[in-house]
Structures are given as C-alpha cells and as structure tokens.
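Have a look at the structure below, then the notes.
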Amino acid sequence: TCYRDVTYEVCRPVYQTCYKEVQCVVRKPCYKTCYRDVCYQVCKPCYHTEWRECVQEVCRPVYEQCYRDVCCTTWKTESETCYRDVCYTVCRPITEEKWIEVECGEWRTVQEEIPGPVVEKCVCEPGCWEWDPCTCCCVYRPGPCRMVKEQCPPTICCKKIWCPRTEKRKVCCTRYEQEVKHCKVPYTVCRKVPVTTTKRVCYTTCRMVKECITKKVPVTTCTYTYETCTKRIPYTVCEWTEECVCKKVPYTTCSYVKECRTKRVPYTTCEYVCQTCTRKVPYTVCKKVECTTYKTVRKCVPRQCEYKAYRCVPRTVCRQVPVSCCENGCGCGPDCCCNEKKDCFLKKLISH
C-alpha cells in the first residue's frame, strides 16, 4: 500500500447576521370607566297592629277530695334457725427427712497468658558521611529503610472457671394427707305470712265548669308602598389608539469561500513472487473386507380362514289369480286370439 497527495477545492459557507429596521403600526386599547344613572322601583311593606276583643268559652277544672276505706294485704316475714350436717376435707401435714444429692460447685480464678500481636515496624539502617564537592564539606547520608516484623509483649488475662461437685444434703419434706370432718352449720329459713289491714285512702275528683272569657287579640295588617330609587352603574368604554413603532429584524446571509485542501489517497500495488509449496492430496484405495449383513425377506405362508358365503337358490311360489276365461280357456280376455292368450298367460305367471 502506497500513498499520494491529492489536492482538491472545497467551498466553505460563511454565515453573517445583519439587522434591518422595519416600521409597523401598533394599535393599543385604552379603557375608560363611565357611569350612568338607572331608576328602579322598590316595594316597601308597612305593618300596622290592631287589638280586637274576642269572646271564648273555656272549661275550668274544679277538684274535690273524697275518702274511702280500702282493704290491703301485706306480707310479714318470719325467720327460723335450722341446722344441717356438713362434711369438709382438711389436709394434715406430715414431715419426713430424706437425703438428696445436690449439684453445686465454686468459681476459681485462673490466669492465662495471651501472646501479643505481630506488628510491622520500619527500621532505618545506619548511614555514612560523604564528601560533597559542591558545598566542600561532609554530608551525612542515611541508610535504607526496611520493614521488620516484631511481636508485642504478651498480656495476662484472668478468668473464672466453674468447678462442679456433688454433695449429699438432709432435706425436710412435708406431705399432706386428706382427712374428712363433720360439723353442724346453722342456716335461716324465711317465710312470708299474709296480714290483712284496712286503711282510709284519699282520692281527688275533677269536674269541668264552663266559663266565658273576653280577651284582646292582636291583628297585624300589611300594606305595600312603592318608592323610586336611583343608582349609578359603572360601564367600561374601549378606545383604540394607533402608534408607529420601529424595530430591528435580524436576517442571516450566507457566502461561500473556496479553500484548497490536500489529502493522502492510498493505492495498492501488486507484485508476484514465485514460491514452492507442498501439500498432501488424499486418494482412495478400495479393498475387500469380510462382513456379515442381514436382510429381511418376505415369505408367503398359506393359512386357513373361516368365512361365510351366500348363494341364491331359486324357488317357485304359486298363488291363485282371478282371471276372466274365454271359450278356449285362456285368461287374456274375450277379444284376443288363442295363441296370444297363451303368451299373455305365461307372461303373467312369470311376472308374478
């Protein structure tokens, strides 16, 4: 692959924004609020109260006290003390002593040594003094630094260990035995006895007495009077005013500028070189190999199958047919010949 320089011409666009003045007429609305007088009629009510005499019949109640003897039954409570036998159960304590095994122990303090952690530490090796020709004096050069692993001192930790042991202790055990006892419990039986007494009861009777009452009743009358009122109603008036306005309108101009550019164009050259190559060519050799193959052969074997066969057996059915006989004895009719009558008779037999 080789390259060659090719010169070509390109038109590059150049954009420029310019402004031009444009005069236009603008209409502006001017709003103005005005008022006008409107007359309307109002209906005003006038109320007037008068007193009128009204005669009314009223029923006045009159109460009277009366007395009557009433027999009433009261219940008197009588009490009686009785006794009944009650059985109750009492638990009697019985104390016994026995030996039991108790798991106990004690806490012992044991000291344990814990090794310290391994820490990496930076160690600086000793340096040396060197002569510096620039300053004309000896300068100390420190040695290289290296990381060394160092183990920290151990710590002693105290911890408590539980040491169990088994002891035999004497324990007092209390058990309860049930015992049935009897006692007499008093109880009170109450019964009610009816007692009849007579007492004087006061009751009130009421009767209505009619009376005429005169009272004044207020009566209100309403009359309407009409009045004319005036009110001012605002309304808006719109007037349009024209105004000349100048404004700048932007526009864009485009011009093309020619430019020369150079680019590298690749091209391919081809050369032929002689080369000897070796390749393996496959070829096929046929040889006979013994092999056993199997093939399926169809064979027809006769077999006996049972089947049903039908055959038609002719039979003769005779029936009597009414015919009108002629003088010769055939049944064809009186107008036919003897030979034709015989043929017709045979045809009828065959058809039947």
Could you tell me the separation between the OH atom of Tyr67 and the CZ atom of Arg200, rounded to the nearest 0.5 Å?
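Output value for this atom pair is 8.0 Å.
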Please report the interatomic distance NZ(Lys248) to NZ(Lys20), rounded to the nearest 0.5 Å.
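Rounded to the nearest 0.5 Å, the NZ-NZ separation comes out at 14.0 Å.
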Over 12 non-hydrogen atoms of neighbours within 6.0 angstrom of [atom1] in [X]:
{"X": "Glu167", "atom1": "CD", "value": "yes"}
{"X": "Tyr8", "atom1": "OH", "value": "yes"}
{"X": "Tyr267", "atom1": "OH", "value": "yes"}
{"X": "Tyr235", "atom1": "OH", "value": "yes"}
{"X": "Arg165", "atom1": "CZ", "value": "yes"}
{"X": "Tyr40", "atom1": "OH", "value": "yes"}
{"X": "Tyr47", "atom1": "OH", "value": "no"}
{"X": "Tyr3", "atom1": "OH", "value": "no"}

Which pair of heavy atoms, one from [X] and one from [Y], lies closest together, and at what distance?
{"X": "Tyr88", "Y": "Cys183", "result": "CE2-SG, 3.7 Å"}
{"X": "Cys163", "Y": "Arg108", "result": "SG-CD, 3.4 Å"}
{"X": "Pro234", "Y": "Tyr35", "result": "CB-CE2, 3.3 Å"}
{"X": "Cys59", "Y": "Lys210", "result": "SG-CG, 3.8 Å"}

Side chain to side chain, [X] and [Y], heavy atoms closer than 4.5 Å:
{"X": "Arg264", "Y": "Asp5", "result": "yes"}
{"X": "Arg175", "Y": "Glu177", "result": "yes"}
{"X": "Val119", "Y": "Lys149", "result": "no"}
{"X": "Cys244", "Y": "Gln23", "result": "yes"}
{"X": "Thr33", "Y": "Tyr31", "result": "no"}
{"X": "Lys280", "Y": "Pro282", "result": "no"}
{"X": "Val55", "Y": "Glu53", "result": "no"}

Assess whether salt bridge (Lys or Arg N to Asp or Glu O under 4.0 Å) is satisfied between Lys181 and Glu179, documenting all intermediate values.
CA-CA 7 Å; Lys181 292 186 176 182; Glu179 184 179 352; 5.0 Å; no
Is [Y] paired with [X] through a side-chain N to carboxylate O contact shorter than 4.0 Å?
{"X": "Glu78", "Y": "Lys76", "answer": "no"}
{"X": "Lys32", "Y": "Glu239", "answer": "no"}
{"X": "Lys98", "Y": "Glu96", "answer": "no"}

According to side chain to side chain donor-acceptor pair (under 3.5 Å), who are the partners of Glu21, at least two apart in sequence or on a separate chain?
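Here no residue qualifies.
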